[in-house]
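Single-structure report; data block below.
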Amino acid sequence: MSQNQQLFLKNERHIDLYKRAEQLSSELKEHANKADREGRFLNETVQTLKNHQYLSLVLPETYGGMDLSLYEWLLMQEKIAEGDAATALSVGWHNGILMELKEGNLWSQEHFKWIAGKAQEQKLFNRASTEKNTGSPTRGGRPETVAKKVEKGFIINGRKTFTTMAEVLDYAIVAAWIEDEEQIGWFVVDMKSKGVSVDQTWDTLGMRGTASDDLVLSNVKLSEDSLVELKGKRSGPKGWLLHIPACYLGIAQAALNDAVLFAKDFKPNSLDHPISKVSHIRQKIGEMNMILDAQERIYTVLLKNGTVILMVVINWLRN
């Protein structure tokens with residue numbers, strides 16, 4: 001545990017959660033290189049998350065969780081990212097959905113009970129909203145994915161890009177244009193349903209282990225209950241999106257750790273000691289630590305006032 005991180009553990013519960021995240025991070029790290037090389041979200045990674053009950057930890061205790069606050073959850077996310085950044089970012093979307101639904105009353109009580117129950121069973125889900133021609137959902141573009149109302153349900157067709165963890169998801173929450181009602185809705189889609197497939201399009205330089213492939217929906221039949229959300233209901237500021245900077249702070253800490261280890265171990269034949277004893281190397285390590293410490297403190301301010309700041313940023317992006 002770094003001195004920077006110790007500053008943010010304010011009580012025994014924080015220390016316990018940090019230790020849990022430390023163990024999970026260590027286990028996830030064992031598979032990170034393989035996932036990165038293959039550009040897949042590995043089944044071994046999913047099982048590790050399930051073994052630690054991490055897919056339900058943010059939920060209220062009545063649903064088998066620990067009712068994590070945003071602060072507590074992000075402490076864990078940052079530590080997990082030190083070991084496996086792609087997994088931390090990916091599972092952040094899953095738990096972010098639960099965090100938003102827990103606090104925002106976006107869904108009916110019946111639908112929330114359903115998704116909380118599935119999370120308690122360690123089922124994995126993510127939203128599928130982005131499309132090639134509409135770009136980011138925050139821009140407000142109308143989805144080209146279409147849900148047509150039929151007797152006792154809907155038929156949905158379309159393609160979603162950047163569907164993180166697509167191949168290992170149990171459920172996708174898909175944004176679609178509802179023809180008959182002329183509005184955008186979100187539908188829960190069982191990934192085992194007929195007509196659901198994954199097109200392996202994810203081929204990037206970084207974050208390959210998120211496996212954010214395309215989700216393809218071809219005449220998928222859905223029940224009426226699969227419609228869980230309509231555009232227009234607002235959950236307020238999305239403070240849970242701070243899981244993204246939490247992830248990248250974890251990456252920065254891992255980079256600093258690696259730099260320190262390398263400096264301690266590397267001894268060129270021009271020196272009789274490791275480069276960690278060279279003054280300008282020590283200065284650079286110190287500067288790295290100073291920058292990371294500053295970013296951690298800024299991040300803490302964001303976390304305390306994050307909902308307000310995020311709304312300002314999101315409104316600026318939309319305009």
- Have His52 and Gln23 got a donor and an acceptor in their side chains that come within less than 3.5 Å? no
- Which atoms form the tightest heavy-atom contact between Gly209 and Phe41, and what is the distance? O-CD1, 3.3 Å
- Item | Over 12 non-hydrogen atoms of neighbours within 6.0 angstrom of NZ in Lys50 | yes
- Message: In the structure I gave you, are the side-chain heavy atoms of Thr62 and Asp67 within less than 4.5 Å of one another anywhere?
- Response: no
- Item | Reported NZ-to-CD1 distance for the pair Lys231 and Ile178, which is rounded to 0.5 angstrom | 12.5 Å
- With Ala255, which residues qualify under side-chain contact (heavy atoms from CB on, under 4.5 Å), at least two apart? none
- Side-chain touch Asp190/Leu222, heavy atoms, less than 4.5 angstrom: no
- Query: Can you tell if the side chain of Leu230 reaches within under 4.5 Å of the side chain of Trp186, non-hydrogen atoms only?
  - Reply: no
- Query: Where do Ser56 and Leu59 land on the side chain to side chain contact (heavy atoms under 4.5 Å, CB included) test, with the steps shown first?
  - Reply: CA-CA 6 Å; Ser56 60; Leu59 288 172; 4.0 Å; yes
- ILVMFWY cluster, Val146 and Ile184 together (side-chain gap under 4.5 Å): no
- Task: Using the side chain to side chain contact (heavy atoms under 4.5 Å, CB included) rule, take Leu75 and Tyr18 through it: C-alpha gap first, then chi angles, then the decisive distance, then the call.
- Result: CA-CA 7 Å; Leu75 283 176; Tyr18 181 90; 5.8 Å; no
- Item | Arg208: salt bridge (Lys or Arg N to Asp or Glu O under 4.0 Å) partners, not counting sequence neighbours | Asp203
- Item | CA sep, side-chain torsions, deciding dist, call: Met165, Thr210, side chain to side chain contact (heavy atoms under 4.5 Å, CB included) | CA-CA 6 Å; Met165 308 179 288; Thr210 66; over 6 Å; no
- Message: Could you measure the distance from the CG atom of Asn95 to the NZ atom of Lys102? Nearest 0.5 Å is fine.
- Response: 9.5 Å
- Message: Return the CZ to CG distance between Phe162 and Leu215, rounded to the nearest 0.5 Å.
- Response: 14.0 Å
- Check for a donor-acceptor pair, side chain of Ser90 on one end and backbone N or O of Ala86 on the other, with a separation under 3.5 Å. yes
- Note on the structure: Separation between CG (Leu55) and CD (Glu121), nearest 0.5 Å, reads 11.5 Å
- Note on the structure: Closest non-hydrogen atoms of Asn157 and Asn219, given as atom of the first, atom of the second and distance, are OD1-N, 2.6 Å
- Item | Atom of Ser25, atom of Glu82 and distance for their closest heavy-atom approach | OG-C, 4.1 Å
- Determine whether more than 12 heavy atoms belonging to other residues, nucleotides or ligands lie under 6.0 Å from atom CD of Glu287. yes
- Message: Once side chain to side chain donor-acceptor pair (under 3.5 Å) is applied, what residue pairs with a partner in residues 258-277 remain, sequence neighbours excluded?
- Response: none
- Task: Answer whether the closest heavy-atom distance between the side chains of Met288 and Val260 falls below 4.5 Å.
- Result: no
- Task: Hydrophobic side-chain clustering at under 4.5 Å (ILVMFWY, transitive links): who's grouped with Met290? Put none if nobody.
- Result: none
- Pair Glu103 + Lys238: basic N to acidic O under 4.0 Å: no
- Item | Qualifying residues under salt bridge (Lys or Arg N to Asp or Glu O under 4.0 Å), relative to Arg40, sequence neighbours excluded | Glu38
- Task: Considering only NZ, NE, NH1 and NH2 on the basic side and carboxylate oxygens on the acidic side, decide whether Lys19 and Glu22 come within less than 4.0 Å.
- Result: no
- Residues passing the side-chain contact (heavy atoms from CB on, under 4.5 Å) test with Ala176, sequence neighbours excluded, are Thr145, Ala147, Ile156, Phe187
- Query: Does the side chain of Leu49 come within less than 4.5 Å of Leu124's, by heavy atoms?
  - Reply: no
- Message: Under the rule for salt bridge (Lys or Arg N to Asp or Glu O under 4.0 Å), what residues qualify as partners of Glu144, not counting sequence neighbours?
- Response: none
- Honestly curious: do Leu249 and Ile285 fall in one hydrophobic cluster under the side-chain, below-4.5 Å linking rule? yes
- Query: Do the side chains of Gln122 and Gln53 get nearer than 4.5 Å, heavy atoms only?
  - Reply: yes
- Note on the structure: So CG of Leu89 and CG of Asp84: to nearest 0.5 Å the spacing works out to 10.5 Å
- Compute whether any side-chain donor of one residue and acceptor of the other, for Gln253 and Asn257, lie under 3.5 angstrom apart. yes
- Work out which heavy atom in Ala175 is nearest to a heavy atom in Pro143; give both atom names and the distance. O-CB, 4.1 Å
- Query: Do the non-hydrogen side-chain atoms of Glu100 and Ile97 ever get within less than 4.5 Å of each other?
  - Reply: no
- Check: Asp213 side chain, Trp202 main-chain N or O, donor-acceptor pair, under 3.5 Å: yes
- Task: Just jot down the side-chain contact (heavy atoms from CB on, under 4.5 Å) partners of Lys149, sequence neighbours excluded, or say none.
- Result: Phe154, Asp180, Glu224
- Item | Minimum-distance pair of heavy atoms, taken over all atoms of Ala252 and Leu292 | CB-CD1, 3.8 Å
- Inspect the surroundings of CZ in Arg282 and state if more than 12 heavy atoms from other residues, nucleotides or ligands are less than 6.0 Å away. no
- Task: Please answer: with hydrophobic residues joined when any side-chain heavy atoms are less than 4.5 Å apart, are Ile244 and Trp73 in the same cluster?
- Result: yes
- Message: Check for me, please, whether Leu271 and Ile281 land in the same ILVMFWY cluster - side-chain distances under 4.5 Å, paths through other members count.
- Response: yes
- dist Leu227:CG -> Glu229:CD (nearest 0.5 Å) comes out at 9.0 Å
- Item | Under the side-chain contact (heavy atoms from CB on, under 4.5 Å) test, residues paired with Phe262 that sit two or more places apart | Phe266, Ile275
- Task: With sequence neighbours excluded, give me every ring-ring contact (aromatic ring centres under 6.0 Å, His included) pair touching residues 108-134.
- Result: Tyr63-Phe112, His94-Phe125, Trp114-Tyr171
- Does NZ or CZ of Arg127 fall inside the cone over Trp93's six-membered ring, less than 6.0 Å from its centre and within 45° of the axis? no
- Please check if Leu42 and Met191 belong to a single hydrophobic cluster, counting links between Ile, Leu, Val, Met, Phe, Trp and Tyr side chain heavy atoms closer than 4.5 Å. no
- Could you pull out all residues at least two apart from Glu44 that satisfy salt bridge (Lys or Arg N to Asp or Glu O under 4.0 Å)? Lys34
- Message: I need the single residue from Arg13, Gln77, Lys10 that forms a side-chain hydrogen bond (donor to acceptor under 3.5 Å, both in side chains) with Glu72. Which is it?
- Response: Arg13
- Query: Of the non-hydrogen atoms in Ala81 and Gly250, which two are nearest, and what is the gap between them?
  - Reply: CB-CA, 4.0 Å
- Task: Measure the shortest side-chain to side-chain distance between Arg142 and Thr134 over non-hydrogen atoms and say whether it is less than 4.5 angstrom.
- Result: no
- Item | Worked verdict on Val216 versus Val196 for side chain to side chain contact (heavy atoms under 4.5 Å, CB included) | CA-CA 6 Å; Val216 183; Val196 176; over 6 Å; no
- Going by the salt bridge (Lys or Arg N to Asp or Glu O under 4.0 Å) test, which pairs reach into residues 150-177, not counting sequence neighbours? Glu131-Lys160, Arg159-Asp199, Arg159-Asp214
